[in-house]
K.L.:
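Structure incoming, see below.
Computed from a predicted structure; not experimentally measured. All values below come from the heavy atoms of this structure, side chains included, with hydrogens, waters and symmetry mates left out. The chain is numbered in sequence order, starting from 1.
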Amino acid sequence: MAVALVVVAAGVSLGLWAASGGEGGSTGPEARSSQGATAAAPPDRAPEAAPTPSPTRSYPLSEAPRTIPAVRDHEPARGPGWKPEKGNRVVVEDPALADEGRLVAGELGMAYAGEKGDKKAGDLRLALNGDKGANPESYTMTVRDGRVEIAGPSDAGVFYGTRTLKQETHDGGTAPEGVVKDEPAKPQRGFMLDIARKNFTAGWIEDRVRELGDLKFNQLGLHFSDDQGFRIESSSHPEIVSQQHLTKAQVRKIIDLARSRHITIVPEIDSPGHLGAVLDAHPDLQLRSAQGSAVQGAIDISKAESAEMVDDLLNEYADLFPGVPWHLGGDEYQALTRSNPEASFPQLAAAARERYGSGATVADLTTGWLNDRADTVRKHQRVPRAWNDGFFRGTSVQAAKDIQVAYWTGKEIGARAPLEYLEAGRKVINYNDEFLYYVLGEPQTFVYPTGQRIYEQWTPRVLRGTAAVPARYDGQILGGSFAVWCDLANSQTEAQVAARIRMPLRATVQKLWDPDRPELSWTEFRALADRLG
């Protein structure tokens, strides 16, 4: 991955420092201006000319910038800092940084000058530094000598440096003198949006992408298929698409915008449950009990046509979404909520025995379904993930080892504690439903999460409930995702959702960037968020 270096030259006057070397030292009599007075000359010498006035202006050591998320390290220095000035340049040292340079130039009202080797006062310089051993999302930002330099091992790191600079200089602010060294604790920092149950406009989603980018999130999950709707245009199965939906052209525009903010779209077509919108158009594939009653949202996984249908969709949307992660769902398959699935669904039991042997169960068949769908997306070089209640204990068929666990709840039948997944060596993404689930209308036992509770009580190691798993498993927890689910879709408007998830999003990314206890109190953090807009 390329490494980026950014240099910004301050467009403000440096002034005169009080001590030699510009370090703001003594301002005693030997450093003060004579203000026109001439000392008495020795009687045997002619009076000397008055000395050149010494500098009288000094700067205190700079303070760390206030940003969301907070920077991990700041080395203070003395100096006036830096502000963007109209006409000053944004320059890059590598053409791979042209997009980052043009974006920040437009945001700060500066001129994008492209690749330049010279240095001018007021410059902001971006560069790839070639540090292949560093966190690819890390960056160093140096404010010195009237310029700013941002360097990182990749264009993503440089981009995050520009987000810090954008916040520092927001509303006339000044980037403090010194050196910021920053990197995220977690590689996956996500926001998941349920667009299946509630139709969100393309413009609203684009606004969230811009917001997420400025906050250094790097994933946007789109749950676009469920019982209530299928919300993206389809060429392989147009009959399943809801009247209100996103066109592929709109999705491509969202993807392009997300790419410019270093955000990966994580698509989710949930199966074998939550397929109601698909099954409305294909009732012959709906799961039915031994008594002939249809099971809401559940596809009959004993039928080859069911796998063909879902794989058609996975293959189609793999061509649309370019990212590596792929969410397969896998949760809440209603066949497994029955006390005796084999008796309730004899066709599933027969299919399980035929494929996996005489002792195989419906849970084995369901695990095989998940593995088969993982095979489908793996052919497109995707890394599969599934909800934790799509994994089962005591089955002869095991979920493939590379399927990551999206851990959201401990309330399912036969609930498995997070440690079971971690001890098995699985990678986990934290979707803890007690902190990170914003469910419209607060159905069942859900309550709207608050930014304060996330900020003060949650960390990525708090996967279930309020207790953290042991620190030795921290490396297996890839990150987390704040999720908006639209169970009661009309409970809030788009604008209300945006306003009410504003602080939870900021609290979530703060703890994914740095899980340690924040330096600011919640009151101070909220005030900072209000100031930054």
Side-chain angles (χ1 to χ4, degrees), residues 1-17 21-23 59 62 65 67 71 73-169 173-183 213-214 216 259-262:
M1 199 177 290
V3 176
L5 171 69
V6 181
V7 178
V8 183
V12 296
S13 169
L14 288 176
L16 296 172
W17 292 12
E23 291 302 319
Y59 295 99
S62 60
T67 60
V71 300
D73 183 73
H74 176 255
E75 298 174 7
R78 300 183 191 277
W82 181 91
K83 286 186 177 183
E85 297 287 345
K86 186 176 182 180
N88 284 350
R89 305 184 309 175
V90 175
V91 297
V92 299
E93 293 189 1
D94 191 296
L97 297 174
D99 289 344
E100 287 73 25
R102 290 190 179 94
L103 176 63
V104 74
E107 292 170 329
L108 301 185
M110 299 174 67
Y112 177 67
E115 295 176 72
K116 300 291 181 182
D118 62 321
K119 297 181 179 180
K120 291 184 177 181
D123 275 357
L124 165 58
R125 181 172 293 271
L126 312 179
L128 296 172
N129 60 26
D131 188 355
K132 295 181 180 179
N135 182 328
E137 294 185 305
S138 66
Y139 67 92
T140 299
M141 180 169 66
T142 304
V143 179
R144 180 186 296 147
D145 298 333
R147 293 187 294 273
V148 179
E149 172 181 300
I150 301 173
S154 74
D155 53 353
V158 172
F159 172 74
Y160 295 135
T162 66
R163 299 308 87 191
T164 294
L165 186 65
K166 181 182 178 183
Q167 289 193 27
E168 288 175 331
T169 58
T174 299
E177 204 85 4
V179 181
V180 167
K181 296 180 179 179
D182 201 14
E183 64 180 11
D214 283 351
K216 301 174 185 158
R259 184 187 291 113
S260 75
R261 268 66 176 178
H262 296 274

K.L.:
Could you list the donor-acceptor pairs under 3.5 angstrom formed between side-chain atoms of residues 103-117 and any protein atom two or more places apart in sequence or on another chain?
P.N.:
| from | atom 1 | to | atom 2 | distance (Å) |
| --- | --- | --- | --- | --- |
| Glu107 | OE1 | Arg163 | NH1 | 3.2 |
| Glu107 | OE1 | Arg163 | NH2 | 2.6 |
| Glu107 | OE2 | Arg163 | NH1 | 3.0 |
| Glu107 | OE2 | Lys166 | NZ | 3.2 |

K.L.:
Does the side-chain contact (heavy atoms from CB on, under 4.5 Å) test come out yes or no for Trp82 and Glu168, once each step is laid out?
P.N.:
CA-CA 10 Å; Trp82 181 91; Glu168 288 175 331; over 6 Å; no

K.L.:
Do Lys216 and Glu137 pass the side-chain contact (heavy atoms from CB on, under 4.5 Å) test, and can you show the C-alpha distance, the side-chain angles, and the key distance before you say yes or no?
P.N.:
CA-CA 10 Å; Lys216 301 174 185 158; Glu137 294 185 305; over 6 Å; no

K.L.:
What's the spacing between Glu75 CD and Thr142 OG1 if we round to 0.5 Å?
P.N.:
8.5 Å

K.L.:
Quick check for you: to the nearest 0.5 Å, what is the distance between Asp145 atom CG and Glu177 atom CD?
P.N.:
7.5 Å

K.L.:
Decide side-chain contact (heavy atoms from CB on, under 4.5 Å) for Arg144 and Val179; before the verdict, give the C-alpha distance in whole Å, the side-chain angles of both, and the deciding distance to 0.1 Å.
P.N.:
CA-CA 8 Å; Arg144 180 186 296 147; Val179 181; 4.0 Å; yes

K.L.:
Testing the basics here: between His262 and Tyr160, what is the closest heavy-atom pair and its distance to 0.1 Å?
P.N.:
O-OH, 3.9 Å

K.L.:
Hey, does the side chain of Ser62 reach the backbone of Ala77 with a donor-acceptor pair shorter than 3.5 angstrom?
P.N.:
yes

K.L.:
How close do Thr174 and Pro80 get, heavy atom to heavy atom, and via which atoms?
P.N.:
CG2-O, 3.5 Å

K.L.:
How far apart are the closest heavy atoms of Val92 and Leu97, and which atoms are they?
P.N.:
CG1-O, 3.7 Å

K.L.:
How many angstroms lie between atom CG of Asp118 and atom CZ of Arg89, to the nearest 0.5 angstrom?
P.N.:
4.0 Å

K.L.:
What pair of heavy atoms forms the shortest contact from Arg261 to Gly213, and how long is it?
P.N.:
CG-CA, 3.9 Å

K.L.:
Would you check if the side chain of Thr67 reaches a backbone N or O of Thr164 as a donor-acceptor pair within less than 3.5 Å?
P.N.:
no

K.L.:
Quick check: do Pro65 and His74 have side-chain heavy atoms less than 4.5 Å from each other?
P.N.:
yes

K.L.:
List the steps, then state whether side-chain contact (heavy atoms from CB on, under 4.5 Å) holds for Thr162 with Tyr139.
P.N.:
CA-CA 10 Å; Thr162 66; Tyr139 67 92; over 6 Å; no

K.L.:
Enter the distance from Glu100:CD to Asp94:CG here, rounded to the nearest 0.5 Å.
P.N.:
10.0 Å

K.L.:
Can you measure from OG (Ser154) to CG (Asn135) and round to the nearest 0.5 angstrom?
P.N.:
8.0 Å

